[in-house]
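Some notes on the structure that comes next.
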Amino acid sequence: MPELPEIEIVKRSLIKMINKARIIDIKISRKSKYLILHFTKKILLIHFGMTGKFLVLNSKKKEIAKTSFYYDLNILPKHNHIYFFLSGGKTLIYNDVRRFGFMKLYNNRKINDVKHISKLGPEPFSKKINISYFKNIIKNKNVNIKILLMDQTFICGLGNIYVNEVLFMSNINPLRKCKKLNNNEIKKIILNIKLVLKIAISKGGSSIKNFNNTDGKSGSFQQLFKVYGREKKFCSSTPCKGIVRKINISNRSSFFCNKCQK
DNA sequence: TTCTTTGTTCCGGA
DNA sequence: GTCCGGAACAAAGA
């Protein structure tokens, strides 16, 4: 782990090499849960971990600390880690309470060759996600469907919350062995993956604990969760009177209805 | 003090 | 070597 002397060297090196340098061009893309900033000669790969967020403030450098912006939105400036001071007076801030997020800067090269990206499976909206792809993979897999959908080499971009929702919408128990699923169930899973992600995007995402867009505003999709976080509550699909159970699968909370997700 | 949270990685056993 | 389940790790708040 780098300690004080190493960081001091980095600081001096950065001042020597890129102090006063300006970013002159930038494109932005997404792969799975990674945000990718494409500069003219560099690529910045960003993962938000659990609580990472970007904020854009109209304030200039000296005004940042005293703006009431943070307090109105329940964001603490003590968790600001990176400031990008931009021409025109705006500031891009990276704020991360848990600090599980990271940024890595690469020389310009094919982003698909980067370690974090190269092993990822197809994107959820890709045409590669179809019944034959599923059947091909699951015939040799002994894991349950929850584990399969969480496996980023199988399909990328799905996390615990959305996998819970997808399985609920598909009436499939998270512990079902994936190789036992029939065609109809696979179809439902594929459809619901695309559906739940589209709806969540249209609602501005979910704000379980800590997602904000760059205005500092929360998304609203968490109000539409049908099963995640609803332990001991009635099943939200009518007229089912089942109760939502919570179990642990591979150290992650899994919620399911005891009646309509047999 | 312990538990929870997420995505990712690692390790041991089969 | 591969597969799978479980644990560990990061940090902070409840």
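So you know, we letter chains A, B, ... as the sequences are listed, proteins then strands, and number each from 1.
In this entry the distance linking CG of A/D96 with P of C/dA11 reads 11 Å, nearest Å. What separates CG of A/D151 from C1' of B/dT6 is a distance of 16 Å, to the nearest Å. In this structure, CG of A/N164 is placed 11 Å from P of B/dG7, rounded to the nearest angstrom. Atom P of nucleotide C/dA11 and atom CG of A/N95 are separated by 16 Å, given to the nearest angstrom. Atom-to-atom, NE2 of A/H79 to P of C/dA10 comes out at 18 Å; the value is rounded to the nearest Å. Here B/dT8 presents its C1' atom at 11 Å from NZ of A/K104, a figure rounded to the nearest Å. Counting to the nearest Å, the P atom of C/dG13 and the CZ atom of A/R98 are 7 Å from each other. Distance A/F100 CZ to C/dA11 P: 8 Å, rounded to the nearest Å.
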Candidate pair A/F54 and A/F48, rule ring pair (Phe, Tyr, Trp, His ring centres under 6.0 Å), full reasoning: CA-CA 9 Å; A/F54 269 139; A/F48 289 87; 5.6 Å; yes
A/N160 and A/K146: CA distance, side-chain angles, deciding distance, side-chain contact (heavy atoms from CB on, under 4.5 Å) verdict: CA-CA 9 Å; A/N160 194 35; A/K146 171 89 191 291; 2.9 Å; yes
Derivation of the side-chain contact (heavy atoms from CB on, under 4.5 Å) call for A/I243 and A/K233: CA-CA 6 Å; A/I243 302 290; A/K233 293 187 177 174; over 6 Å; no
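Considering only side-chain atoms of A/Y228, the nucleotide from B/dT8, C/dA11, B/dT6 that sits closest is B/dT6. Of the candidates B/dT6, C/dA11, B/dT5, C/dA11 carries the atom nearest the A/R99 side chain, counting heavy atoms from C-beta on. Ranking B/dT5, B/dG7, C/dA10 by closeness to the A/S253 side chain, first place goes to B/dT5.
For A/Y162 and B/dT6, the shortest distance from a side-chain N or O to OP1 or OP2 is not below 4.0 Å. Put simply, A/H47 has no side-chain N or O that comes within less than 4.0 Å of OP1 or OP2 on B/dG7. Within the 4.0 Å cut-off from OP1 or OP2 of B/dT8, at least one side-chain nitrogen or oxygen of A/Y34 is found.
Note on A/K246: only backbone sugar-phosphate atoms sit closer than 4.0 angstrom, heavy atoms only; bases stay farther off. At the heavy-atom level, A/G159 lies under 4.0 Å from the strands shown only through sugar-phosphate atoms.
Taking the centre of each ring, A/F134 and A/F154 come in below the 6.0 Å mark. A/H116 has its ring centre less than 6.0 Å from the ring centre of A/F102.
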Where do N or O atoms of nucleotides 3-7 of chain C meet protein N or O atoms at under 3.5 Å, pair by pair?
unit_1: C/dC4; atom_1: OP1; unit_2: A/N142; atom_2: N; d: 2.5
unit_1: C/dA7; atom_1: N7; unit_2: A/N251; atom_2: ND2; d: 2.8

Would you tabulate the pairs of protein nitrogen or oxygen atoms and nucleotide nitrogen or oxygen atoms of nucleotides 9-13 of chain B closer than 3.5 angstrom?
none

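Shown here is A/K226, whose NZ atom has no more than 12 heavy atoms of other residues, nucleotides or ligands within 6.0 Å.
In this structure, the side chain of A/S126 does not engage the main chain of A/P122 through any donor-acceptor pair within 3.5 Å.
Residues A/R252 and A/H81 each lie close to DNA chain C; by heavy-atom proximity, the contact nearer the 5' end of the strand is made by A/R252.
With contacts defined as side-chain heavy-atom distances shorter than 4.5 Å, the pair A/L105/A/K42 qualifies. A heavy-atom distance below 4.5 Å is not found between the side chains of A/I28 and A/I36.
Classification of A/R176 and A/E185 as a salt-bridged pair holds, one side-chain N sitting under 4.0 Å from a carboxylate O.
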